[in-house]
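Quick notes on the structure that follows.
Sequence lines set the chain letters: A, B, ... in the order given, protein chains first and strands last, and positions in each chain run from 1. As the structure is a prediction and not an experimental result, all values here were calculated from the model.
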Amino acid sequence: MCRLASRSFFSRDAASLARDLLGTTLVRTLPSGERLAGMIVETEAYVGVRDRASHAFGGRRTARNESMYAKPGTLYIYFTYGIHHCANIVCGKMGEPVAVLLRALRPTEGHGSMATNRGWGVGAAERQHELCRGPGNLCRALAIDRSLDGADLVPGRGGASGSVSVEIPRRSPIEPGMVLNGPRIGLGNAGTWKDRPLRFWVRDSETVSGRRTAETRRPGAV
DNA sequence: ATGACGATTTACT
DNA sequence: GTAAATCGTCATA
């Protein structure tokens, strides 16, 4: 019914991956073996050294963003505002600092643990769509922090499933017409790059963060 | 050593 | 709509 995303799946440009991650499932396996998972419904592409909004703009390379230069399929986790972690999937060609930010999931497994991670009490059923809405909330719900920075989403030869992976259903649950895109969120002085339609989300998804009513464009267009 | 800032979230007017 | 929270990171000295 589904397959694990391979290295080649991640080895392509960020906008294309950001679009095609919609409808796939992000799986977080805890040390206890419990699975926390959700369908990806919102992403943003950070397309490389020329992207003024990227942490790697101009080839910037520091201890913090080192993982952006790792191989496709690597997790890049950063800490910001003194409070939140945000998760990216590195893509592009080997050594290129290109990545996709995961902004929201529709939870599918482990709702109870996610609620606990969010600091919620019991009876959170009516707020399930808020569990993983927004990049910071998503990380908190899935217990993702900098200890996972640099982790590989693609299993090694041993075949052991990693602590984070992406599962691709044989048939996408997302109809092509359900995908919208528009400008990325929360950018400062990114100049012209601020308005590029590099944010992708699923239409009508209650779990999408920020504005849900932006322009429609040809899926994958940049 | 120090200061400014942030790919956010939440609460409040 | 605006503001506060909060601290690791980076540039500057």
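- Between A:R118 and B:dT10 there is a side-chain N or O to OP1 or OP2 distance below 4.0 Å.
- When rounded to the nearest whole Å, the span between CZ of A:R64 and C1' of B:dA4 equals 14 Å.
- Under the stacking criterion of a centre-to-centre distance below 5.5 angstrom and an interplanar angle below 30°, A:Y81 sits stacked against the six-membered ring of B:dG6.
- Proximity note for A:N137 (side chain, C-beta onward) versus B:dT8, B:dT10, C:dA11: the nearest is B:dT10.
- One interatomic measurement links the two molecules: CZ of A:F57 to C1' of B:dA7, which rounds to 15 Å at whole-angstrom precision.
- Counting non-hydrogen atoms under 4.0 angstrom, A:L187 reaches the backbone sugars and phosphates but no base.
- No side-chain heavy atom of A:T25 sits under 4.5 Å from any side-chain heavy atom of A:P169.
- At a threshold of 4.0 angstrom between heavy atoms, the contacts of A:R61 with the nucleic acid are absent.
- Of the charged side-chain nitrogens involved, at least one lies within less than 4.0 Å of a carboxylate oxygen, so that A:R35 and A:E109 count as a salt-bridged pair.
- Between A:Y76 atom OH and C:dT9 atom P there is a gap of 10 Å when expressed in whole angstrom units.
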### Task
Check the pair A:L17 / A:F10 against side chain to side chain contact (heavy atoms under 4.5 Å, CB included), numbers first and verdict last.
CA-CA 7 Å; A:L17 180 64; A:F10 300 113; 4.0 Å; yes

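- Lacking a ring centre under 5.5 Å from that of the base six-membered ring together with a plane angle below 30°, A:F79 does not count as stacked on C:dG8.
- When the P atom is compared between C:dA3 and B:dC5, the two are found 16 Å apart, to the nearest whole Å.
- Counting heavy atoms from C-beta outward, A:R196 and A:P183 have side chains that stay 4.5 Å or more apart.
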### Task
Carefully, step by step, assess A:E167 and A:R3 under the rule salt bridge (charged side-chain N to carboxylate O under 4.0 Å, His left out).
CA-CA 6 Å; A:E167 291 178 354; A:R3 63 191 171 88; over 6 Å; no

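- Atom-to-atom, NE2 of A:H85 to C1' of B:dG6 comes out at 14 Å; the value is rounded to the nearest Å.
- If you measure from atom CG of A:L101 to atom C1' of B:dG6, you get 13 Å, rounded to the nearest angstrom.
- Atom-to-atom, NE2 of A:H55 to P of B:dC5 comes out at 15 Å; the value is rounded to the nearest Å.
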Per-pair distances, 0.1 Å, donor-acceptor, side chain in residues 73-84 of chain A, under 3.5 Å, sequence neighbours excluded:
unit_1, atom_1, unit_2, atom_2, d
A:T74, OG1, A:K71, O, 2.6
A:Y76, OH, A:H55, ND1, 2.7

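- Where A:H84 and A:R146 meet DNA chain C, the nucleotide closest to each residue was compared, and A:H84 sits on the side nearer the 5' end.
- OP1 or OP2 of B:dT9 has not a single side-chain nitrogen or oxygen of A:R133 nearer than 4.0 Å.
- Distance A:R199 CZ to B:dT8 P: 11 Å, rounded to the nearest Å.
- To the nearest angstrom, P of C:dC7 lies 15 Å from CG of A:D145.
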### Task
Using a 3.5 Å limit on both pairing distances, list the dot-bracket string of DNA chain B from the 5' end; Watson-Crick and G-U wobble pairs count, crossing pairs take [ ], interstrand pairs take |.
||||||.|||||.

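- A:H85 has its side chain out of reach of A:L148: every pair of non-hydrogen atoms, C-beta onward, lies at least 4.5 Å apart.
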